[in-house]
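We name chains A, B, ... by the order of the sequence lines, and we start the count at 1 in each one.
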Protein chains: 2
Amino acid sequence: MERTTGRALRADAERSVRAILEAAERVLAADPAASLEQVATAAGVARTTVHRRFANRQALLDALADSAARQLAQAVGDGRPETAPPLVAIHRITANVLQVKGAWTFALQLPPETGSEAAALHADVHRACLALLARAREDGLLDPGADLEWTSRVYYALIGESLREAGEPDALAARVVETLLHGAGKRD
Amino acid sequence: MERTTGRALRADAERSVRAILEAAERVLAADPAASLEQVATAAGVARTTVHRRFANRQALLDALADSAARQLAQAVGDGRPETAPPLVAIHRITANVLQVKGAWTFALQLPPETGSEAAALHADVHRACLALLARAREDGLLDPGADLEWTSRVYYALIGESLREAGEPDALAARVVETLLHGAGKRD
DNA sequence: ATTACATGCAACAGGAATGTTCCAGTTACT
DNA sequence: AGTAACTGGAACATTCCTGTTGCATGTAAT
């Protein structure tokens, strides 16, 4: 987490940083132009505390993006994309990602700074996703002619759409996977 | 278009308003927090001209949303959603909408003011889309069990995804329709 | 040709947000 | 218990943006 010197932060400082990041996600999701004063109030700290922990507004946004990207990468990794059977992995990852994205919607759509940890993590996640879709195609889950780049973007878009409503992650994930594989056309 | 009194605007004023709206779309798409000064510069007019034509920043955004919504409604109407065969209409509308949304991406994702012209037009467009999908389901194009609310959101999401790359509208539309109907799964 | 409309420039006032500083009091770690 | 770290409040300076005004000049409609 955020450090000032070589030593780790005190526990209360860790709590403040976490509270600030969580408040930033909520407040900025509602209004991306919200002030640092509003974020501080929502976090239950003084604005000087926000400035103490984050050099400036951009640094706070960067920390938000990095933190959320770490959680996304963790969610994808927990779905064992490289080893579980493709359909199982896709379903599990979808449910995991829905939860993380639901909690960090704003943070995860921030364009990551070039060279940042968030950018690297997002690239890793995308690579893992493409590899999983390639395995799915090899296993006959996807059409042999499926364009994986387009398919991965459709997959992300379906996840994004599912976030717009409340629901049980597994049920929402099932619908995402069903739609990804079969669309809305007539079932044979 | 924007009026000051009962008489229509002079031709040069009409041109200014159009230039401002087009510049606003470009500049605000790149940076939603861009200043009115930046929009004015991009439009090739003075900031006082922007203030003369739009009472305030929100009025400019409202005008942008209304204008773009009218063009979207026109694009959907041109696809004859009520009378053309469903597959033809869906394809035609998709290509038309891709073009309009490509040109007014920012304006079309502005949340319209409650009671505004844009809000009414967006509601009309959504109703027309649902009716078209219902006809498609009746004709056997969609699965009898297809949830039309979800299907329409998937459809919009696929259009949104297609906007992220350059391409010929008809080819992009074909892919949207193909994905909407059949997903990425194995073709039988 | 005339007249009304359109525009740009410069200046002004006000408001909001950001980043910084200082210090007293509180908390947590050893 | 002692000490270092953490925090909040208040104030300050700066910057940027918005909205407004007045006036001279240019443009377009009749």
Using a cut-off of under 3.5 Å, enumerate the N/O to N/O pairs linking the protein to nucleotides 8-13 of chain D.
{"residue": "D:dG8", "atom": "OP1", "partner": "A:Ala46", "partner atom": "N", "Å": "3.4"}
{"residue": "D:dG8", "atom": "OP2", "partner": "A:Ala46", "partner atom": "N", "Å": "2.9"}
{"residue": "D:dG8", "atom": "OP2", "partner": "A:Thr49", "partner atom": "OG1", "Å": "2.0"}
{"residue": "D:dG8", "atom": "O6", "partner": "A:Arg52", "partner atom": "NH2", "Å": "3.1"}

A:Arg187, CZ: over 12 other non-hydrogen atoms inside 6.0 angstrom: yes
A:Glu82 atom CD, over 12 foreign heavy atoms within 6.0 Å: no
Check: C:dC29 base within 3.5 Å donor-acceptor of A:Arg10 side chain: no
Heavy-atom side-chain proximity of [X] to [Y] below 4.5 angstrom:
| X | Y | result |
| --- | --- | --- |
| A:Leu28 | A:Gln38 | no |
| A:His126 | A:Glu149 | yes |
| A:Thr105 | A:Glu25 | yes |

Output the rounded distance in Å from [atom1] ([X]) to [atom2] ([N]).
| X | N | atom1 | atom2 | result |
| --- | --- | --- | --- | --- |
| A:Asp12 | D:dA4 | CG | P | 17 Å |
| B:His51 | D:dT20 | NE2 | P | 8 Å |
| A:Leu9 | C:dC29 | CG | P | 11 Å |
| A:Leu60 | C:dG19 | CG | P | 10 Å |

D:dT27 phosphate, OP1 or OP2, under 4.0 Å from B:Arg15 side-chain N/O: no
Any donor-acceptor N or O pair under 3.5 Å, side chains A:Trp150, B:Thr179: yes
Nucleic acid contacts - residues 26-40 of chain B versus DNA chain D, non-hydrogen atoms under 4.0 Å: B:Ser35, B:Leu36
Hydrophobic cluster membership, B:Leu121 vs B:Val97, 4.5 Å side-chain cutoff: no
